[in-house]
Number of protein chains: 2
Amino acid sequence: MDGKSPKIQDVATVAGVSTATVSRALSNPDLVSEKTRELVLDAVKRTGYRVNRAAKNLRKRQSDAILALLPDLGNPFFSQILSGIESVFTTSDLSLLVSDTKGIREDNLLDYFMDMRADGMIILDGAIPRDVLTQMQNSAFGNRIIFACEWKPEFEFPSVRSDNFGGAVQAVEHLHSLGHRKIGHISGPRNNVLTKERLRGVESAMEQLDLTINRDFFIDGGAFSLDAGAQAARSFMEMTERPTAITCGSDLIAMGFISEISRRGLKVPDDISVIGFDDIEIAGSFIPSLTTIRQNRTQIGVLAASYLLDQLANRLPPQTTPVQQVDVKLIPRQSTAPL
Amino acid sequence: MDGKSPKIQDVATVAGVSTATVSRALSNPDLVSEKTRELVLDAVKRTGYRVNRAAKNLRKRQSDAILALLPDLGNPFFSQILSGIESVFTTSDLSLLVSDTKGIREDNLLDYFMDMRADGMIILDGAIPRDVLTQMQNSAFGNRIIFACEWKPEFEFPSVRSDNFGGAVQAVEHLHSLGHRKIGHISGPRNNVLTKERLRGVESAMEQLDLTINRDFFIDGGAFSLDAGAQAARSFMEMTERPTAITCGSDLIAMGFISEISRRGLKVPDDISVIGFDDIEIAGSFIPSLTTIRQNRTQIGVLAASYLLDQLANRLPPQTTPVQQVDVKLIPRQSTAPL
DNA sequence: TGATCGTTTGTAATCGATTACAGAAAACGA
DNA sequence: TCGTTTTCTGTAATCGATTACAAACGATCA
């Protein structure tokens, strides 16, 4: 009350108890008697006391912060996941740190833990070098990591992800139900897990439906970007025989593709049906509006954050490294039409 | 070296000096002799020492973190600014905290400082309640805040922003040079500074060029969103007389607008030229690709972060509350055409 | 030579919480 | 009533750095 911000000692004095009791009353209320607790709480209110986090963190060897690691902060795809993550953390007064994986090299990921800058990590990038992850897994911090969206198949970290396989299946089934039989696919970055899952889904669904898989109709886009789609469109134009419908590894690919073939005189969905993946915000307003597989990105963020919180609070059975799959949903719009 | 992570005392022992000397050698090298410095640096290397941030921060009353406050984490527009901010901070080992302004009420913004969770703030939201800002300005932390993109005209906080006025002027001049004389505008959220600046720019340019300002051609979009654009399109369709070209408060508005009028049979740019503002990633691949005013969002982030860093390090004259304007640039594409 | 000054170093206090340990008080059982 | 256990509280050590203060040292100069 005298200018400086009050410390625990001030509260103790006002309440007429020791600092230990104040500390306990605040962070472990069961340990003090009802009467003392009220005394302390009242003193806290009167003094306007707030715990000093640096002091608390120093003593408890923690940081009250979680790091979200994105492959590219500039990529809008991730912002919605971040939003989900943040919504969980604000309610439990943890801070959300964000960083680009571009800045990550060698061992400085582990440093976040060593430096006590973060208590846990949510990794949104499946392309973290293997040895970095090995190092993390072998450290004491291995259980403070969760993957979201992407993941590393060869590691045992828990993860939250969309049902990528199922989404691709739905896409193919949708096209099939519209009468399409010659179906192609434009895939994303080569070694990406999402690329693989979605491709696998397309192939599996086509087999299920007894469709002939024509390898020429499968284009390696090499990225999830608009450019990749435009590039794929150029290959597409050169085909002698063309598919009547095409599934894409991402909405951006689909839009880049549509954009480029439109420029070259083809019409969507008249000449070819196109379906995306993600349902990014713009998908509904693209022209033509894009049929796509909606990923619930906010939910992915929420689930990942909640899991990590439980894990850090030791509220989970230690052995589990679960994979949580989030359902996806086909959103039919105007980029697909009956054959 | 013996399992636990080494502390400053260990380094001191190895180097044969006191902890004070080690501390000085690391954070204030000029204070120790050449010889000792080498001794210490060598010992640091041998022990693998890293300073404990919690301890350092407790003692120095700081947090080594900066908070970025976004109006909506789920909005992709901001991710690129974040990227710029982050690129600056990683090089100076500050952490980047992010938070949604939705979670902000009453006084808990100041709490970030009181709790020593952040040393500074970059605010990307012009809609922070006035009394919250007044409180901040009057506190000891008033000089640790900078606005980016948006700002509060009635406060004296430093800010980094695009040349919104100039951008709008360029847009009108572009349309004028294409022969358009009947020019309209769809504006963004009502009380937003960007909305006002851009509107002002449009009006000013039209006056300069001796164009008649027809109030009926100015539509209040009410937001920067796709929906706002679509909504505006409906008003547009009902006009008896229509402008031949329209400037929009944002790319999303422009796209929503184009999307909706296309659905109703109008063609862009044949029937009407449309120009956006922002140059978001998708703008170039929209159909038709969108003529727009490019904001250098990364640079805004970089400038804001750098300024804040300098300010915190006391490297700036104390009195300055500068406004840094970042140039914008017209990107001509296919949504605008000669009359 | 001794006074004076600047440079370099060490000692120990400090930042503000948490918590191990021990002691006091209350509750309980016989 | 007297142990014994349980509940509650206080003392003081601890987390690991920074830095005020003082001392030691060497250089400089009259």
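Residue contacts for T19(B): at a heavy-atom cut-off of 4.0 Å it reaches a base atom on one of the strands shown. Residue contacts shown for S33(B) are limited to sugar-phosphate atoms, with no base heavy atom under 4.0 Å away. If you check every strand for non-hydrogen atoms under 4.0 Å, R53(A) touches nothing. Among the heavy atoms of the strands lying under 4.0 Å from R50(B) are primed sugar atoms or P, OP1, OP2 only; no base atom is included.
Scored by the side-chain hydrogen bond (donor to acceptor under 3.5 Å, both in side chains) test, S18(A) finds T21(A) as partners (sequence neighbours excluded). Residues that satisfy the side chain to side chain contact (heavy atoms under 4.5 Å, CB included) test with S95(B), not counting sequence neighbours, are L97(A), R117(A), A65(B). By the side-chain hydrogen bond (donor to acceptor under 3.5 Å, both in side chains) test, T36(B) pairs with S33(B), sequence neighbours left out.
Looking at heavy atoms from C-beta onward, L303(A) lies in side-chain contact with V326(A) at the 4.5 angstrom threshold. The side-chain heavy atoms of N52(B) and K7(B), taken from C-beta on, include no pair separated by under 4.5 Å. The shortest distance between side-chain heavy atoms of M136(B) and R144(B) does not fall below 4.5 Å.
Smallest separation of non-hydrogen atoms from P71(B) and L124(B): CD-O, 3.5 Å.
Counting to the nearest Å, the P atom of dT9(D) and the CD atom of E34(A) are 11 Å from each other. In this structure, the CZ atom of R24(B) is 10 Å from the P atom of dA20(D), given to the nearest Å. For N28(B) and dA20(D), the CG to P distance is 11 Å, given to the nearest whole Å. As rounded to whole Å, 14 Å separates atom P of dT11(D) from atom CD1 of I8(A).
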Distance-only check: which donor-acceptor pairs under 3.5 Å involve side-chain atoms of residues 22-30 of chain A, not counting sequence neighbours?
| from | atom 1 | to | atom 2 | distance (Å) |
| --- | --- | --- | --- | --- |
| S27(A) | OG | S23(A) | O | 2.8 |

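At a cut-off of 3.5 Å, with distance as the only test, no side-chain donor of T47(B) or D10(B) sits close to an acceptor on the other residue.
Two residues, L31(B) and K60(B), neighbour DNA chain C, and the one matched to the more 5' nucleotide by heavy-atom proximity is L31(B). Between L58(B) and T21(B), the residue anchored nearer the 5' end of DNA chain D, judged by the nucleotide with its closest heavy atom, is L58(B).
From the 5' end on, the contacts that DNA chain C makes with chain B at under 4.0 Å to a non-hydrogen atom open and close at dT8(C) to dG16(C).
Relative to the axis of its first five pairs, the axis of the last five pairs of the helix from dT1(C)-dA30(D) to dA30(C)-dT1(D) sits at 40°, rounded to 10 degrees.
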